[in-house]
Amino acid sequence: LRAPYVPMIVCPRPFTMEGRTTKQMRPGMTIADMLMEFDLNPETLPARVFIDDCLVEKSYWHCVKPKAVSNHAKLTPVIM
């Protein structure tokens with residue numbers, strides 16, 4: 001039996017698949033914890049995080065815990 005996981009997709013460029021990385025995260029991790037697994041600092045990261053196409057505001061990254069398998073946490077950096 002396969003353990004539940006949360007797929008996390010990091011896209012450095014929002015309009016292309018180039019550089020896209022996917023990891024399987026443990027359920028119960030916050031978005032901030034997941035970002036740190038990618039060696040990204042959630043405090044200074046200029047990004048947008050979406051769960052099932054719904055924007056999660058940065059002020060909630062420390063407490064939002066995406067559900068296993070049913071939701072996909074997708075990180076898309078802000079275009080500067």
Side-chain angles (χ1 to χ4, degrees):
L1 189 62
R2 190 176 174 138
Y5 66 92
V6 177
M8 178 96 172
I9 303 166
V10 174
C11 303
R13 293 171 195 84
F15 303 112
T16 180
M17 299 296 279
E18 185 180 334
R20 176 179 163 155
T21 305
T22 303
K23 284 189 182 182
Q24 295 181 358
M25 302 298 196
R26 295 179 316 277
M29 295 176 73
T30 65
I31 292 170
D33 293 336
M34 292 179 183
L35 292 171
M36 288 187 277
E37 289 285 320
F38 280 92
D39 294 324
L40 300 171
N41 183 343
E43 298 294 322
T44 60
L45 185 67
R48 298 286 185 256
V49 173
F50 295 88
I51 297 176
D52 290 340
D53 297 324
C54 294
L55 177 65
V56 179
E57 295 293 336
K58 190 172 191 167
S59 60
Y60 294 102
W61 291 0
H62 71 283
C63 59
V64 172
K65 298 177 182 180
K67 294 180 183 176
V69 181
S70 64
N71 292 342
H72 300 285
K74 182 178 179 182
L75 169 68
T76 307
V78 175
I79 301 171
M80 300 302 241

Query raised in the report: Taking K58 for the side chain and L45 for the main chain, is one N or O donor matched with an acceptor at less than 3.5 Å?
Result: yes
Query raised in the report: Above 12 or not: heavy atoms from other molecules or residues under 6.0 Å from NZ of K65?
Result: no
Indicate every side-chain donor-acceptor pair of residues 35-43 with a distance under 3.5 Å to a residue at least two apart or in another chain.
{"residue": "N41", "atom": "OD1", "partner": "E43", "partner atom": "N", "Å": "2.8"}

Report summary line: side chain to side chain contact (heavy atoms under 4.5 Å, CB included) filter on T16, not counting sequence neighbours, yields R13, E18
Query raised in the report: What pair of heavy atoms forms the shortest contact from V49 to W61, and how long is it?
Result: CG2-CZ2, 3.4 Å
Report task. For T21, enumerate each residue passing the side-chain hydrogen bond (donor to acceptor under 3.5 Å, both in side chains) test, keeping only those at least two apart in sequence or located in another chain. Result -> none
Query raised in the report: How many angstroms lie between CE in M25 and CG in D33, if you round to the nearest 0.5 Å?
Result: 9.5 Å
Requested in this report: Output, in order, the C-alpha distance, side-chain angles, deciding distance and verdict of side chain to side chain contact (heavy atoms under 4.5 Å, CB included) for M34 and V6.
Outcome: CA-CA 10 Å; M34 292 179 183; V6 177; 3.7 Å; yes
Requested in this report: Calculate, to the nearest 0.5 Å, the distance between atoms CD1 and NE2 belonging to I31 and H62 respectively.
Outcome: 11.0 Å
